[in-house]
Amino acid sequence: MASHGRGRRISVEGVTYRWSVRGSRTLGEGVAYRLLSIVADEATGQALHVWVRHDDFWLHFSDLTRLRVRASPASPGRVFRGIKPGLVAQVIAAARTRGWEASRRGSTLEFVLGEDQRLLPLAEFSGRDEVP
């Protein structure tokens with residue numbers, strides 16, 4: 001998957017990558033995931049796709065106002081997590097420990113980012129309601 005000129009750049013342990021956040025998938029009661037896509041900046045190698053849980057704040061706005069939540073929209077069962085460079089760097093480091101080599105050709109690796117920040121293979125979640 002070539003992505004030269006697309007996505008934001010990030011350097012992790014001296015290697016430069018490009019990352020982007022793509023569309024979302026909503027399941028059931030407004031449980032949503034965003035797709036984080038990461039590739040090496042200079043090579044067309046193995047891509048990394050990580051589904052990150054991120055409930056849409058605006059879908060649950062009326063629920064939150066009823067609960068009188070203001071500055072921090074954390075309500076039971078909801079995940080309002082931004083996908084920022086710090087999180088992307090953590091994901092890259094974790095994927096590398098799981099064998100991802102961005103410069104090597106191969107099929108796309110797909111994971112789900114667990115609530116405990118661990119990468120879980122997408123294949124392990126097939127058939128569950130809470131994963132895309």
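All residue numbers refer to positions in the sequence shown, counting from 1.
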Quick check: closest heavy atoms across Arg98 and Pro121, and the distance to 0.1 Å? NH2-CG, 3.4 Å
Looking at every non-hydrogen atom in both residues, tell me the closest pair between Tyr17 and Ala102 and how far apart they are.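 Nearest heavy atoms, Tyr17 then Ala102: CE2-CB, 3.7 Å.
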Side-chain touch Gln117/Leu87, heavy atoms, less than 4.5 angstrom: yes
Under a 4.5 Å cut-off applied to non-hydrogen side-chain atoms, are Val39 and Leu48 in contact?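 Not touching, per the 4.5 Å side-chain cut-off.
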Quick one: salt bridge (Lys or Arg N to Asp or Glu O under 4.0 Å) pairs with a partner in residues 99-108, sequence neighbours left out? none
For the atom pair CD1 (Ile10) and CD1 (Ile92), what is the distance rounded to the nearest 0.5 Å? 5.0 Å
If I take atom CD from residue Gln90 and atom CG from residue Leu119, how far apart are they, to the nearest 0.5 angstrom? 10.0 Å
Not counting sequence neighbours, which residues clear side chain to side chain contact (heavy atoms under 4.5 Å, CB included) with [X]? List them please.
X: Val21; answer: Trp19, Arg34, Leu36, Ile83
X: Leu35; answer: Arg22, His49, Trp51
X: Thr16; answer: Arg9, Ser11, Asp41

Keeping Gln46 on the side-chain end and Ser107 on the backbone end, is there a donor-acceptor pair under 3.5 Å?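 Yes: the side chain of Gln46 pairs with the backbone of Ser107.
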Of all residues at least two apart in sequence or in a different chain, which pass the side-chain hydrogen bond (donor to acceptor under 3.5 Å, both in side chains) check with Ser103? none
Identify, with sequence neighbours excluded, every residue that meets side-chain hydrogen bond (donor to acceptor under 3.5 Å, both in side chains) alongside Arg118. Asp116
